[in-house]
Every structure is written in C-alpha cells, then in structure tokens.
Amino acid sequence: MGRNKLALFGATLLSLFVLVAIFAPMIVPYDPSAILENDTLAPSAQHWFGTDDLGRDIFSRAVFGARISLTVGLVAVVISLLLGTLLGALAGYFGGWTDSLIMRFVDVMLAFPSIFLILAIQAMLTPNIYNVMVVIGLTSWMGVARLVRGEYLKIRELSYVEAAKAIGCSPARIIFRHILPNAMGPIIVAGTLGMAGAILTESSLSFLGMGVQPPMASWGNMLMDAQAYLLDAPWMAVIPGLLIFTTVLSLYFVGEGLREKVGVS
Amino acid sequence: MKSFVVKRLLQAIPILIGVSVLSFFIMHLAPGDPTALFTDPNVNPAELARIRANWGLDQPIYIQYFYWLGNALRGNFGNSYMTGMPVIKEIAERLPATLLLMVTSFVITLLITIPLGVISAVKKGKWFDNAVTVFCFAGMATPSFWLGLMLMLLFAVKLNWLPAVGMYDVMSNDKCQMSNVLDVIRHMILPVTTMTLLSLTGLIRYQRAAMLEVLNQDFIRTARAKGLPERIVIFKHALRNALIPIVTILGLSLPDLFGGAFIIETIFAWPGMGRLGVMAIFQRNYPLIMGIVMLSAVLIVVGNLLADIAYAWVDPRVRYGKK
C-alpha cells in the first residue's frame, strides 16, 4: 500500500534526523557558534548551507538545531501525553463529577488561542529551552485527554474490567494495569502527531523570540535571525524552514501509518 | 431547541470565568511587575509606588482580580498601560483589520475545502485524491510564519508583485476611494493566502473523511441500487449529510484562525488585534492582554456555540435523539 510506503519513508527520514541529533558534535564541520566569516555567504563547498548574518556556519547550526528541536518536541509531547492520559483516564473511568470537572477544565483550556497563552506564559517566565518544553506540554494535552476519556468510556464497560472489579482490584490498578495497555494504540498515534505539533509550536515561539534563546541554535530562532536578511541572504530562511517541514512531515507520515495499523479513525 | 441553546449559553459562563481566572493569575504570578519595564530605572521610588497604586498593583492578587472582574462585568476593561487609552477602544480600533483577514480567509477556505474534500472522497485512491492528500500533509507540516516568509520572499522581494508588509501604501497620496480599496486588497493577498493555506489542509481531510463515511452508508447503496445517476447520489444524497460534521469542525477551527492571526499579523506587520496582542505580551501590558484574551475566548466560545446550534439545526438526530 502507498500509505505504508509513506510511513516507512517518514520513519527512515526521522531516524536519520535522530541520528544526526545524537551524533551532532561528530558531524559538524565547524563550531556552531564560532564566527567564521565577515559576511553572510551563499551556500558553497566550504559552507554547505552558507553562513548567517554573524558569519556562522548554517550547516553546523542546523545540525545542533536538530538536537534542540527534536528534544523540545519529545519532552513537550511526553508531558502532554502524561497529563492528558492521566486526566482523560480519571474522567473516563470515574465519570460523574470527576468527569464534569475535568472536561470543563479542558473546555477552558481550549477557549484560549493556544499560541497566545503560550506566548503569555513564556513572556512572564524567562524564555529558555526548559520553559519552552514545559509550557508547550502544559498547553497541548487537551486533545489527548478527550481521546483517552473516550477510550476509557468504551473499555470500562467490557466484561474483563468488571471481572477485575469483582476480584477486588483497586481503581488505580484497573486504570493503569488493565485498561491503559488497551488504550495505548490511539495514545501512541496522538503522541506522534503531537510531537509534530510541538515542533511547530517551538519553532513559532523561537521565531518570535520567546522560545529557545540565542546563542543556542534551534530551527525556529535561526528563522528569526533570517527575517531581517530575507533580501540579502534568503538561504538563511529557506534551510531551517525546510528542515522543520521535513521533520514534521515525517512525523505525520509515521503517525498516519500507525493510525492505520491501530485502526483508529 | 430553545432549551438546548439556553443550556449551552449557561455552560459558556463558567468557561469564560475559568479563562479569566487562569490568564489573570498566570500574568500576575510572574516575578516583578510591569512598572519595571517602562519606567526609567532612576525614577524616584515614591513615584513608582504611586504608579503602582494607580494601577492597583499594590493590592493582593485576588483583590486585583475581583476588582478587574467587577469592572469587566460593567464593560470596563481598564486602560492600556502604554497609551492610557481604554482597552476596549484600543481593541475596537484594531479588530476590523483582523476580522477582515479572518473572514476573507474563512470564506475562501470554505469555498476550496468542500469541493476538494468531496471530490477526493469520491475519487478515493485515484491520482486526484493522492495529490490532495500530499498537498494536505505538506500544508500541515509547514510552519505558518515560514510560509509567510517564503511567500514574501517570492512575491514581494523577488518578483516585486505585491507589497510585503502593512495594510496601506504609506507613500500613496491617492485620495480616490476605489484605489484605496484596491491597495488594501493588494496588501491582503499574502497574509490571507498564508492563513488560508494553513487552515485549509486540515479541514479538507475532515471533509474527505466525512464524505467517505457517508458514502459507505446503506442509504447511499439504496440510492445507487434503485438506479439513480451517480451525480444525484453524490450531490443530493451524500453531500448534504457530509456537510454536517464540517459545521462543527469550522467552529473548532476558530482558535486556530485566531492563533494564526497572532503570528501572521506579526510577520506581515498587519495592524490588527493579533499584532497588538503580541506587542501587549512583550510589554506586559496586563489590561490589554486580559482584554484580548477575553475577546478571543468569547469569540471562540460563541463560535463553538453557533457550530453546535447549526449542527442541531441541520441534523435532526441531534435535536431529537439525545435528551
């Protein structure tokens, strides 16, 4: 099937990016923060992706940027999955007022334009890479919570859950040991797509200067630097954007492939 | 129907209160206070204390909140720290520019989403469907600000066809009404395209999924079995039902449109509410931030409410089915 090939293609690209991120110091030809030239230079044999406004090697910065962008995406999505799964599971399993309370909270969080909320929190804290991860995680769990709640509502009616209750399992044991493994499929799919979203959000934040701070390179803040040099050094803007695009696209392909495997719609 | 609307309206109240509490406390939990940002560090401490007292920043935070809430319920959202103008007035001046962008791109989105989603469901697996799918994934993977930058690079910088930023040509002395309208339209093309391309791609996939689901239903098989032409089956029987879920999705896409406005207006220097909001955040202009958050939340909640009402209206099963 075509979809499967796309997922495989995505997974391959993604593994490549992950390897690049892990082995960044061995791959880069130059120190990513070293000022090597006096000018922005177009891509050449010496500087594959050119140099930026401060004369730093864009290829080296992009390689280290992969590290930052992927880490931020991963940590943010783990936070969002943990929070979303916990709240969704509680709401779905217990129902009643627990459910109402949690779901109203979800409604409140969804009534914010999320980028504005994230920007506001970032501006109030000092923007740095750790805050970026936490804030993106804390503002993106709502979809997961709704999804997990739905799964729990379905699964808690099954007879094996009833059997578990009958032999006296505690609610915590039923929620985490009995139901969670059966709800894992959709959660993993949501996680893959969520990581794509987190990487996009990190890049927008860094682009606005509210995310990863220089001199640390992330693809988003490389684009922030590029904005002023659109005319003179367009490669500064094109390359980091293509990298974000490729990474996010790969994650979507993998996510869609998994979705089909798991059989959720 | 009436009780449904009333019930949903009542549910909106706690949501809005929740939004206001949460945003108020997030802002004020930050260390320091906004006076530090825009007063001279050498200013006399007594003067600073006076400014603080004037803005109510010397009170405990919950008092500040109730003070804010009391005023807000009477329609007074305070004055902007930077300009001293009432927040409502400042937002009202900027809102039309944002709505112009949003409504235009919303309409264009609809006009493209429905036919593309439907055709690609009907032609499932054919080259057209595959092309649309690839386009959708590409759109979802593109960061909005980067797309904006690239369009600007191509059409404004390289080709010089369209203005890069702003809403009006500041150099133009033309007083003619018509050429001013054309000028704004020229400035709108890039931001609207960016916004549309981004909301479009997710929605096409929803529309396609909705249409596919309907096409698998028994009544479509019946319609085909009794020999109706395919055209009638698709447009008269299937499409009507496939439009139902898109109503909700459109309501749900409002926050995205708003979120998009913050970034897109910042890139294209569009003088709207989104850019005002981003500036307010950078300046820690509390009253203005609160005003914009509340306005966005109201519009989002109302949008969802309208979507639900529209849903109940077009789909009798919702109205009569669940009590």
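Note that the structure is predicted; figures quoted are calculated from it, not measured. In what follows, every chain begins at residue 1, and chains take the letters A, B, ... in the order their sequences are listed.
Between Q122(A) atom CD and I281(B) atom CD1 the span is 10.5 Å, to the nearest 0.5 Å. In this structure, the separation between CZ on F282(B) and CG on L119(A) is 6.5 Å, given to the nearest 0.5 Å. Atom CD1 of I267(B) is separated from atom CG of L223(A) by 10.0 Å, given to the nearest 0.5 angstrom. Note that OG of S204(A) is 13.0 Å distant from CZ of F262(B), once rounded to the nearest 0.5 Å.
For the set D107(A), L230(A), I115(A), the entry with the most heavy-atom pairs within less than 4.5 Å of chain B is L230(A). Ranked by heavy-atom pairs shorter than 4.5 Å toward chain A, the options A209(B), A138(B), S296(B) are led by A138(B). Ranking M210(A), Q227(A), R104(A) against chain B, the residue ahead of the rest is M210(A), based on heavy-atom pairs under 4.5 Å. Taking chain A as the reference chain and counting heavy-atom pairs below 4.5 Å, the highest number among V278(B), V157(B), L153(B) is found for L153(B). Ranked by heavy-atom pairs under 4.5 Å with chain B, the first of F105(A), F116(A), F245(A), F112(A) is F116(A).
For CZ of F128(B), the number of neighbouring non-hydrogen atoms (other residues, nucleotides, ligands) closer than 6.0 Å is greater than 12. The environment of M216(A) atom CE is sparse: at most 12 non-hydrogen atoms of other residues, nucleotides or ligands sit within 6.0 angstrom. Heavy-atom neighbours of Y65(B) OH from other residues, nucleotides or ligands within 6.0 Å: above the threshold of 12. The number of heavy-atom neighbours closer than 6.0 Å to CD of Q213(A), taken from other residues, nucleotides and ligands shown, is above 12. By the neighbour-count criterion of 12 heavy atoms within 6.0 Å, atom OH of Y206(B) is sparsely surrounded, having that number or fewer from other residues, nucleotides or ligands.
Of the atoms belonging to V293(B), heavy atoms from both backbone and side chain fall under 4.5 Å from chain A. Residue A156(B): no heavy atom, backbone or side chain, is found under 4.5 Å from chain A. Looking at I300(B), the atoms closer than 4.5 Å to chain A (heavy atoms on both sides) all sit in the side chain, from C-beta outward. Both the backbone and the side chain of M140(B) come within less than 4.5 Å of a heavy atom in chain A. Contact of S23(B) with chain A is made through backbone and side chain together, with heavy-atom distances under 4.5 Å. For A196(A), no part lies near chain B; criterion is any non-hydrogen pair under 4.5 Å. Using a 4.5 Å cut-off between heavy atoms, I263(B) contacts chain A through its side chain alone, with no backbone atom that close. Contact of L110(A) with chain B is made through the backbone alone, with heavy-atom distances under 4.5 Å.
Of the listed residues (V19(B), L16(B), I17(B)), just one forms a side-chain contact (heavy atoms from CB on, under 4.5 Å) with V108(A), and that residue is V19(B).
Ring orientation note: the planes of F145(B) and F207(A) are close to parallel, at an angle under 30° on the 30°/60° scale.
Remark: R149(A) engages D99(A) in a salt bridge (charged side-chain N to carboxylate O under 4.0 Å, His left out) (not counting sequence neighbours).
Minimum interatomic distance between I15(B) and A111(A) (heavy atoms only, all atoms of both residues): CG2-CB, 3.9 Å.
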